[in-house]
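Side-chain atoms are counted along with the backbone in the values below, which use heavy atoms only and exclude waters and symmetry mates.
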Amino acid sequence: MLEKLIQSRLQSRVREILPEANLATVLVRPCPDLKFGDYQSNALMAIAKERKQNPRKLAEEVVAGLDVSEWCEPVEIAGPGFLNFRAKTEAVTEVLKSASRGDHLFFERTKAPRNIIVDFSSPNVAKPMHVGHIRSTILGDALVRSLRLLGHHVVTDNHIGDWGTQFGKLLIGWKQDLNRTNLEQNPLAEMGRLYKQVNARFEADDGIKTLARQELVNLQQGDPENLKIWREMIDLSLQEFGKVYSRLAIQFDHVLGESFYNSQLKGVAKNLLDLGLAQESEGATVVFFEKSTGWSDPAIILKSDGGANYTTTDLATLEYRLKTWQPAEIVYVTDARQQLHFQQLFHIFRRWHPVAEVSLSHVWFGMILGPDGTPFKTRTGENIELNALLDEAEERALATVTEKNPDLPEKERLEIARVVGIAAVKYSDLLPNRQSDYRFDWDKMLALTGNTAVYLLYAYTRIRSVARKAAEAGAGASVEALQLTLPSELALAKHLLRFGLSIEAMAAEYRPNYLCNYLFELAGLFSQFYENCPVLKAEGSDRSSRLVLCELTGRVLKKGLEILGIETTERM
RNA sequence: GCGUCGAUAGCUCAAUUGGAUAGAGUAUCUGACUUCGGAUCAGAAUGUUGCAGGUUCAAGUCCUGCUCGACGCACCA
């Protein structure tokens, strides 16, 4: 938190000397290596370069009139013009005290809240959620949590796949071969079976093709029976999705699927045609792109059979969201393969609504690979269902808890296993840079050591254990007693001050791995502190002071994990 | 063919406006008061950041070319 105060004063000082300088570049950040100090600014080197000045000299001039002595030791100029700031222990102590009094938790809400729509998860009706939905769902939810914590107004909208050609096949299967008993027991499995069964006959049998097309057309034209079946498929699917979301503690403000926009699709297409953005080509309605884009193939707005496809739906969706929520930004969380689609979608949208100021972000992520480095599937090549995957995570976690802590009652072990299992899945998804593919590895994600959810949760339970024992002994944290003397106390305290930066970094770039790594470092620093500084065995003000550090670390760990969508447990 | 993304320690991965000696974990080796929860901590060792050039005070990061890989490119979403 000190970095903001230092930064603001540094900016004022730079403005005094160079009124035209772009202050947005004058940033204060944590030092990469603590031996340089706690915070640094590299901005002066860039500014000097622009003006062809001597960077070192500029730095000296800036520092000469810069007073940050309330928070820092004298500012050092290093190398070609780095400014290094070392926080005064008293200043760090004061921030911790104010946190302990409940004034803040080392982060600040934004002064410029924005309306942001986040579009994520988006499963398809009549198909179980599977591995392919993990990242969008978990990543999207974590991003939403970080934005909301910083004070932005977020609208979440689950744009489910509830319309499209697959319903022709599903309707045939439903009418010819539906097993009601199976449907009641496991609706998605039954619908999946129906789809596969019809699909298998599809290629070889022209009669089925014609029938599927007919059922689809009937549905589109509002045939009552088909509509009724379709609605039932959606209802059942949503119930099943809800079970998974409930396990993952994920909620949506709105579930407006593709079908919600049906009535607008023709209008969108006509509008694009009228504006000259779209044209007829080979029987379809398409948008061609300028040469400069490098896209030689057009985007299809209406297929030659008159049906719309997803570019059209997405355009209608965009327009609806703008009108309904007036967002400053819309964020789409999908896999990397849809990059071209979103680039083209945004491009068309800009031409269609040139004055719209909304910013459009495609937050994309890589694939989940199996142990062999190919896309993660079952042995028979099927998608792994999310529910089954979560079951296995909990089972594996239960085995570990039982091994480590056999005396806990079964009910408690089950609850711990639930928290730990879900945490492991989420954390292993959020830890890698979202843009890279990652390898799904049970042993690694549930490992007791290393950068895992288990390690973080363990650190948390140790803190809670100390708190319980302190309470039994009648000892308590005392803000007044807080004193940072030993190196590991100071190191832990200074790291607490960086919590806000890590949340902001995560929210700014939609990268939860920044926060994951922050929390891992925090847990490590806590372990070092815990190793070096007795808490319960200490006495008097030492004990009260260290209990403050424990308590604040616990609160930050819990809040940080909460941003990642991860629950904590008191024992494990 | 065009395009997007990637290639970093044995392995899995980080690296926040271009910043300081490229970091963690894991595996390997060694050690820690008879453990405030040892599911812990400390230490050792590990690199031509795919290759070749360029830009500059400074390049894993930016530019050019090349190699390898993943993914995407007219009627699925």
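Separation of the P atoms belonging to U67(B) and A59(B) is 26 Å when rounded to the nearest angstrom. Nucleotides A9(B) and G50(B), compared at atom P, are 8 Å apart to the nearest Å. Distance check on atom C1': C71(B) versus G65(B) gives 23 Å, rounded to whole Å. For the C1' atoms, the distance from G47(B) to U55(B) is 25 Å, rounded to whole Å. With both ends at atom C1', the span from U40(B) to U34(B) equals 16 Å, rounded to whole Å. Only the C1' atoms considered, U26(B) is 14 Å distant from A14(B), to the nearest whole Å. Here the separation of C63(B) from G10(B), taken at their P atoms, is 28 Å to the nearest Å.
Distance NZ/Lys469(A) to CG/Leu547(A): 13.0 Å, rounded to 0.5 Å. Between the CG atom of Asp314(A) and the CG atom of Asn309(A) there is a distance of 9.0 Å, given to the nearest 0.5 Å. Atom CG of Leu27(A) is separated from atom CD of Glu3(A) by 10.5 Å, given to the nearest 0.5 angstrom.
You'll find that the side chain of Leu27(A) is closest to U17(B), out of G19(B), U40(B), U17(B). Here U4(B) is the nucleotide among G37(B), U21(B), U4(B) with the atom lying nearest to any side-chain atom of Gln339(A). For Thr165(A), counting side-chain heavy atoms from C-beta on, the closest listed nucleotide (C76(B), G19(B), A70(B)) is C76(B). Relative to the side chain of Ile300(A), the nucleotides A74(B), C36(B), A20(B) differ in distance, and A74(B) lies closest. Distance from the side chain of Thr449(A) is smallest to U26(B) among U26(B), C71(B), A20(B).
Contact annotation: Gln528(A) side-chain N/O to U40(B) OP1/OP2 distance is not under 4.0 Å. In this model, the phosphate group of G38(B) is approached by a side-chain N or O of Arg462(A) to a distance below 4.0 Å at OP1 or OP2. In terms of phosphate contacts, Lys303(A) brings no side-chain nitrogen or oxygen within less than 4.0 Å of OP1 or OP2 of C75(B). The shortest distance between the side-chain N/O atoms of Lys404(A) and the OP1/OP2 oxygens of A39(B) is below 4.0 Å. A sub-4.0 Å separation between OP1 or OP2 of C75(B) and a side-chain N or O of Ser304(A) is absent.
Each of Gly294(A) and Gln338(A) was assigned the nucleotide of RNA chain B with the nearest heavy atom; the assignment lying further toward the 5' end belongs to Gly294(A). Between Ala336(A) and Phe36(A), the one whose closest nucleotide on RNA chain B sits nearer the 5' end is Phe36(A).
With sequence neighbours left out, the salt bridge (charged side-chain N to carboxylate O under 4.0 Å, His left out) criterion links Arg135(A) to Asp429(A). Considering only residues two or more places apart in sequence or on other chains, Lys303(A) meets the salt bridge (charged side-chain N to carboxylate O under 4.0 Å, His left out) condition with none of them.
Below 30°, between 30° and 60°, or above 60°: for His159(A) and Tyr261(A) the angle between ring planes is between 30° and 60°, a tilted geometry.
Under the 4.0 Å criterion applied to side-chain N and carboxylate O atoms, Arg86(A) and Glu76(A) are not assigned as salt-bridge partners. Salt bridge status for Glu20(A) with Arg51(A): present, with a side-chain N to carboxylate O gap under 4.0 Å.
Taking atom CG of Leu216(A) as the reference point, atom C1' of C75(B) lies 14 Å away to the nearest angstrom. A77(B) atom P lies 16 Å from atom OH of Tyr332(A), rounded to whole Å. Taking atom CD on Gln344(A) and atom C1' on C76(B), their separation rounds to 15 Å, with Å as the unit. Between Leu44(A) atom CG and A20(B) atom C1' there is a gap of 15 Å when expressed in whole angstrom units. Across the protein-nucleic acid pair, Leu302(A) atom CG and A77(B) atom P stand 12 Å apart, rounded to whole Å. The interatomic distance linking Ile47(A) (CD1) with G19(B) (C1') rounds to 15 Å, in whole Å. The interatomic distance linking Asn451(A) (CG) with A39(B) (C1') rounds to 15 Å, in whole Å. Taking atom NE2 of residue His341(A) and atom P of nucleotide U4(B), one finds them 19 Å apart after rounding to whole Å.
Of all the residues in residues 279-287 of chain A, Ser281(A), Glu282(A), Ala284(A), Val286(A) reach under 4.0 Å from RNA chain B with at least one non-hydrogen atom.
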**Study point:** Stepwise side chain to side chain donor-acceptor pair (under 3.5 Å) check, Glu509(A) with Tyr514(A)
**Key:** CA-CA 9 Å; Glu509(A) 292 186 38; Tyr514(A) 293 147; 3.3 Å; yes
Point to revise | Stepwise side chain to side chain donor-acceptor pair (under 3.5 Å) check, Tyr427(A) with Asn451(A) | key: CA-CA 9 Å; Tyr427(A) 192 78; Asn451(A) 193 350; 2.6 Å; yes
Point to revise | Criterion side chain to side chain donor-acceptor pair (under 3.5 Å) on Arg511(A) and Asn433(A), from CA distance to verdict | key: CA-CA 7 Å; Arg511(A) 293 185 191 278; Asn433(A) 181 329; 2.9 Å; yes
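Nucleic acid contact for Cys550(A): none, since no nucleic acid atom lies under 4.0 Å from a heavy atom of the residue. Backbone-only engagement by Glu258(A) is indicated by non-hydrogen atom pairs under 4.0 Å involving sugar-phosphate atoms exclusively. Among the heavy atoms of the strands lying under 4.0 Å from Trp364(A) are primed sugar atoms or P, OP1, OP2 only; no base atom is included.
The minimum heavy-atom distance linking Ile463(A) with Phe526(A) is given by the pair CG1-CZ, 3.2 Å.
Checked against the 6.0 Å centroid threshold, Tyr518(A) and His495(A) count as a close aromatic pair. A ring-centre distance under 6.0 Å is not found for Phe36(A) and Phe82(A).
The closest side-chain heavy-atom distance from Asn405(A) to Arg571(A) is not below 4.5 Å.
Tyr455(A) does not qualify as a stacking partner of the A39(B) base, lacking a centre-to-centre distance under 5.5 Å together with planes within 30°. By the stacking rule of 5.5 Å between ring centres and under 30° between planes, Phe520(A) does not stack on the base of A24(B). Stacking annotation: Tyr530(A) is stacked on the base of C36(B) (ring centroids less than 5.5 angstrom apart, interplanar angle below 30 degrees).
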Practice item. Summarise how protein sits on nucleotides 55-62 of chain B as a single string, 5' to 3': B when a protein heavy atom is under 4.0 Å from the base, S for sugar-phosphate-only contact, - for no contact. Key: -SBB----
Practice item. Indicate for each nucleotide in nucleotides 11-16 of chain B, in 5' to 3' sequence, whether protein heavy atoms under 4.0 Å reach the base (B), only the sugar-phosphate (S), or nothing (-). Key: -SSSSS
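When the shell of 6.0 Å around NZ of Lys4(A) is examined, it contains more than 12 heavy atoms from other residues, nucleotides or ligands.
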Point to revise | Dot-bracket line, read 5' to 3' along RNA chain B, where crossing pairs take [ ] and | marks a partner on another strand, Watson-Crick or G-U under 3.5 Å | key: (((((((..((((.....[...)))).(((((.......))))).....(((((..]....))))))))))))....
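For A20(B), its base sits under 3.5 Å from the side chain of Gln40(A) at one donor and acceptor pair at least.
Defined by atom type and a distance below 3.5 Å, a donor-acceptor pair is present between the side-chain atoms of Glu290(A) and His347(A).
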